[in-house]
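Sequence lines set the chain letters: A, B, ... in the order given, protein chains first and strands last, and positions in each chain run from 1. All values reported here derive from a predicted model rather than from experimental measurement.
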Amino acid sequence: MNDELGFLSERVAKGKLSRREFLGRAAALGVSAAFANNLLATAARAEGPVKGGLLKAGLQGGAATDNLDPATMTDAFQFIASRQWGETIVELDADRKVQPALAEEWGSSKEAKVWTFKIRKGAQFHNGKEMTPADVLATIERHADVNSKSAAFPLLQGIDKIAVDGQNVVFTLKDPNAEFPFIITAHQVVVQPNGGKDNPTAGIGTGPYKVTVNDAGIRLGGERFGGYWRDDRGFADQIEIVVINDGTARNSALQSGQVHMINRVDPKVVELLKRFPAITIRNASSRGHYLFSCQCDTTPFDNNDLRLALKYAIDREEMVQKILGGYGSVGNDTPISKTYPLFTEMEQRKYDPDKAAFHYKKSGHSGSVLLHTSDVGFPGAVEAAQLYQASAAKAGITIEVKRDPGDSYWSEFDKMPFKASYFGGRPTQDMTYSLEYQSKAPWNEFHFFNEKFDQMLVQARGELDADKRKKLYSDMGQIVRDEGGAILPMFNDFIDATGPQVGGWATDGNQELMGGYALSKCWLQS
Amino acid sequence: MVPKLIAQRIALGILLLVAVSVLIFAGTNLLPGDVAQAILGKTATPLALENLRREMGLNDPAYVRYFHWLFGILQGDLGTALTTKLDIAASIRERLWNTLFLAFWAAIVAVPLAVILGLVAVHHHNRPVDKLISGLALASTSVPEFFIGYLLVYFFAVKFQIFPGISTVYDGMPFLDRMKAIALPCTALTLGILAHMMRMTRAAILNVMQSAYIETAELKGLTAFEVIRKHALPNALAPIINVVILNLAYLVVGVVVVEVIFVYPGMGQYLVDHVAMRDVPVVQAVGLIFAAVYIFLNVVADVASILANPRLRHPR
């Protein structure tokens with residue numbers, strides 16, 4: 001059966017069979033659509049990339065206020081653009097492993113305190129200059145500077161010293177960190193000439209595309225950079241990113257062929273969009289999650305029984321079905337999904353009105369609980385809060401939902417004890433916990449202060465034995481799940497869509513649009 | 001008497017503009033949160049916020065910033081955007097040009113169409129043609145703009161693929177491509193403002209048609225169309241001019257929804273982006289430009305009405 005499918009998929013790649021016919025036959029052979037689509041992608045890649053043409057993406061997440069400084073990038077337009085004109089030192093692949101990019105290879109001292117990265121020779125900036133270890137050093141310096149506005153600033157605080165040694169860049173850390181390379185995969189840390197200290201918004205990097213047009217909030221155009229060092233990216237002659245913030249306009253631009261790929265398809269319309277034979281929905285499970293977070297140091301949330309009551313009172317399956325349209329997976333009150341390295345399975349917490357009522361009674365709290373929500377909390381946050389209200393009511397818990405205006409939601413965020421929120425997820429457990437759950441973490445919106453947890457976090461970071469580290473993370477996950485302030489019902493998928501001509505697509509859940517690399521890694525089929 | 005009246009209108013317009021500038025400044029300062037918070041969003045840490053605020057000079061008191069701004073404008077300097085650090089005047093120029101371009105072509109289509117349809121409706125007063133014109137025009141105005149927009153996109157961009165559904169225009173675009181790009185938003189705008197102008201033309205002329213001198217004109221044997229053109233239209237001109245200019249002002253300052261649907265890079269989207277980011281200097285500059293356009297067009301309407309009024313032109 002597989003032979004037949006394999007043969008058919010090659011025929012599709014050669015253009016002798018339509019995609020729709022193929023999927024029809026695959027279904028007749030009893031194969032799932034996802035598997036069939038994967039086969040197609042493999043066949044298309046095997047057929048080899050096609051060079052040339054103008055590849056266009058229509059994106060939500062751009063504004064007239066955007067600039068090209070990677071340190072302060074906020075949304076998709078700047079991020080996707082930076083992936084095309086720039087590169088990081090190392091990068092994550094679809095399996096969430098660290099791969100060489102501007103660094104060819106790396107290694108650490110025995111105790112994982114000194115990390116040495118060998119920087120590639122022959123990578124060229126778009127201004128014609130050769131990229132050097134000094135540029136890498138300056139880049140890290142800029143993002144790690146105290147006066148920096150970089151969103152990567154807190155990530156880099158573990159670095160004590162950084163030095164250039166010949167073709168190497170040597171990081172000396174304050175404490176051992178077995179997973180340090182993951183940290184510098186951060187998408188903000190794009191290597192720029194002299195680290196971008198002179199002109200951070202120039203959009204000059206070592207990426208496959210050179211920026212030719214940059215109209216903030218409208219479009220960004222790029223042409224293939226002749227001096228690019230690798231041959232597995234940058235197939236189209238030109239790329240263009242068009243900002244289309246309106247969802248309906250984005251869908252129709254894809255349908256009419258004005259763009260070849262779009263991001264953020266609304267789960268509500270995925271099924272409708274699927275009816276167009278030329279359009280392929282590309283979803284990838286992500287580390288991102290939507291949650292309701294409560295502050296563990298504020299009454300009544302300082303009572304763990306109340307937190308447990310709230311955790312048992314949410315219907316996770318319902319959330320995934322109704323808020324994500326099925327494009328996601330259920331959460332278990334920890335930010336660590338099974339895609340993480342060193343993940344340990346824990347018992348799945350389920351909606352249980354009896355247990356919720358039991359813990360609620362035990363907590364001694366009476367009266368209602370105020371939940372803040374807003375359209376910007378996460379997509380569907382207002383509806384999710386209402387669903388939560390209804391499921392909690394069955395357990396005898398009254399949740400009062402307050403809908404706040406979007407434009408002041410984040411500035412008032414820390415003053416709300418219980419609220420809708422989201423996280424994009426980070427590559428490792430250490431980064432997630434260090435930045436979001438540790439007592440002193442900059443984004444510890446849970447006000448979760450647990451000494452034992454903090455100690456285990458530092459211990460795990462320096463632990464080189466993977467089994468021991470895994471055990472530590474498992475125990476920490478248990479603490480967060482049973483005592484933490486996150487009521488975490490769901491992990492959301494990225495839902496992108498492509499038109500008929502796009503070849504080379506591969507599922508990559510690190511970020512939207514193939515980890516942000518879609519414009520460079522895909523090509524236009526004839 | 002006419003020059004004095006006109007001078008009065010213009011002076012009033014300028015005074016109004018200054019008042020509006022105060023209102024705009026006060027209004028933008030009432031917005032919750034500030035630009036530093038908006039730029040950093042959820043990832044804001046106190047340290048990063050402080051760094052950004054210091055760099056942007058947000059720690060000065062409000063009145064200092066107001067006068068600083070006002071003097072800048074009087075010298076033709078709109079300032080620099082807090083978020084992009086670009087010169088505001090330079091970045092607005094293209095956006096304003098785009099907005100005016102779209103408004104111009106929408107007006108070129110809509111105004112003559114509305115007036116002619118109005119005249120035709122009067123001619124066929126209370127007969128099926130009149131009913132049909134009024135009905136269609138009212139229907140197209142009653143449907144929300146975004147709905148008309150989506151219908152146009154659905155049929156002309158997705159189904160038949162005649163015109164592009166997203167109207168991204170840019171500097172140096174060939175004229176014909178540009179016209180093709182604005183075809184749909186232009187149509188949506190035309191449908192949106194048509195009824196108002198058409199109905200006003202019809203009502204104003206019908207009103208005049210009741211007068212005794214129209215009866216005289218009819219009795220002296222003029223054709224129906226000549227009656228309307230020579231006697232009714234000139235006397236109905238003032239209200240028609242007023243409603244036309246009101247709609248022109250709307251074409252410049254009120255088209256945010258249409259811009260969003262068609263992804264047209266005009267002033268509306270530019271303003272919305274900067275409000276969301278709390279980029280106050282840009283919001284103020286755009287607000288002021290909108291106010292100036294609005295006030296200017298109203299002054300023009302007033303002046304035109306004065307000039308169109310024979311009683312004012314030929315005082316006894």
Side-chain angles (χ1 to χ4, degrees), chain A residues 58 62-69 71-72 74-75 145-154 201 213 215-219 221 240 242-246 248-259 276 376-377 405-414 421-424 435 442-443 445, chain B residues 31-49 51-52 54-55 81-86 91 94-95 98 146 149-150 153-154 156-161 163-166 168-171 260-265 269-279 282:
Chain A
T65 48
D66 291 345
N67 64 44
L68 291 182
D69 182 357
T72 51
T74 47
D75 214 337
D145 189 76
V146 186
N147 293 314
S148 150
K149 302 177 291 270
S150 175
F153 170 76
T201 59
V213 183
D215 254 347
I218 305 173
R219 64 184 196 126
E240 188 173 326
V242 188
V243 177
I244 312 177
N245 285 321
D246 183 65
T248 313
R250 214 157 51 247
N251 295 343
S252 58
L254 183 68
Q255 286 167 35
S256 63
Q258 276 189 285
V259 296
F276 290 85
V376 300
D407 51 4
S408 58
Y409 192 67
W410 300 123
S411 54
E412 300 294 313
F413 192 67
D414 203 45
S421 175
Y422 73 91
F423 278 102
L435 294 166
W443 293 297
E445 64 190 37
Chain B
L31 292 170
D34 70 358
V35 59
Q37 176 73 49
I39 288 179
L40 296 171
K42 203 195 158 189
T43 57
T45 56
L47 182 66
L49 273 177
N51 285 343
L52 204 56
R54 198 177 50 235
E55 189 185 298
L82 293 178
T83 42
T84 53
K85 311 211 173 54
L86 294 174
S91 31
E94 196 180 335
R95 296 281 192 148
N98 286 344
F146 71 87
Y150 286 148
V153 169
Y154 180 71
F156 294 102
V158 176
K159 272 251 135 117
F160 308 125
Q161 310 214 345
F163 295 111
I166 52 173
T168 313
V169 294
Y170 49 88
D171 217 15
V260 169
I261 291 170
F262 293 101
V263 201
Y264 187 76
Q269 188 58 51
Y270 185 74
L271 174 64
V272 171
D273 286 350
H274 285 85
V275 170
M277 275 301 195
R278 300 285 179 278
D279 195 333
V282 178

ask   = Is it the case that more than 12 heavy atoms not belonging to B/F156 sit under 6.0 Å from its CZ atom?
value = no
note = Sequence neighbours excluded, the answer for ring pair (Phe, Tyr, Trp, His ring centres under 6.0 Å) partners of A/F153 is none
Residue A/S148 versus chain B: region with a heavy atom under 4.5 Å = backbone
task = Specify which of A/R250, A/R219, A/Q255 makes the most heavy-atom pairs with chain B at under 4.5 Å.
result = A/R219
Interatomic distance, A/S150 atom OG to A/D69 atom CG [nearest 0.5 angstrom] = 8.0 Å
inquiry  = Once ring pair (Phe, Tyr, Trp, His ring centres under 6.0 Å) is applied, do any residues pair with A/Y409, and if so which ones, sequence neighbours excluded?
reply    = A/F413
ask   = Which bit of B/Y264 comes within less than 4.5 Å of chain A, counting heavy atoms only: side chain, backbone, both or neither?
value = neither
query = Looking at A/N67, A/V213, A/D246, which has the largest count of heavy-atom pairs under 4.5 Å with chain B?
reply = A/D246
query = Is it the backbone or the side chain of B/V153 that comes under 4.5 Å from a heavy atom of chain A, or both, or neither?
reply = side chain
Check: A/N245 side chain, A/G62 main-chain N or O, donor-acceptor pair, under 3.5 Å = yes
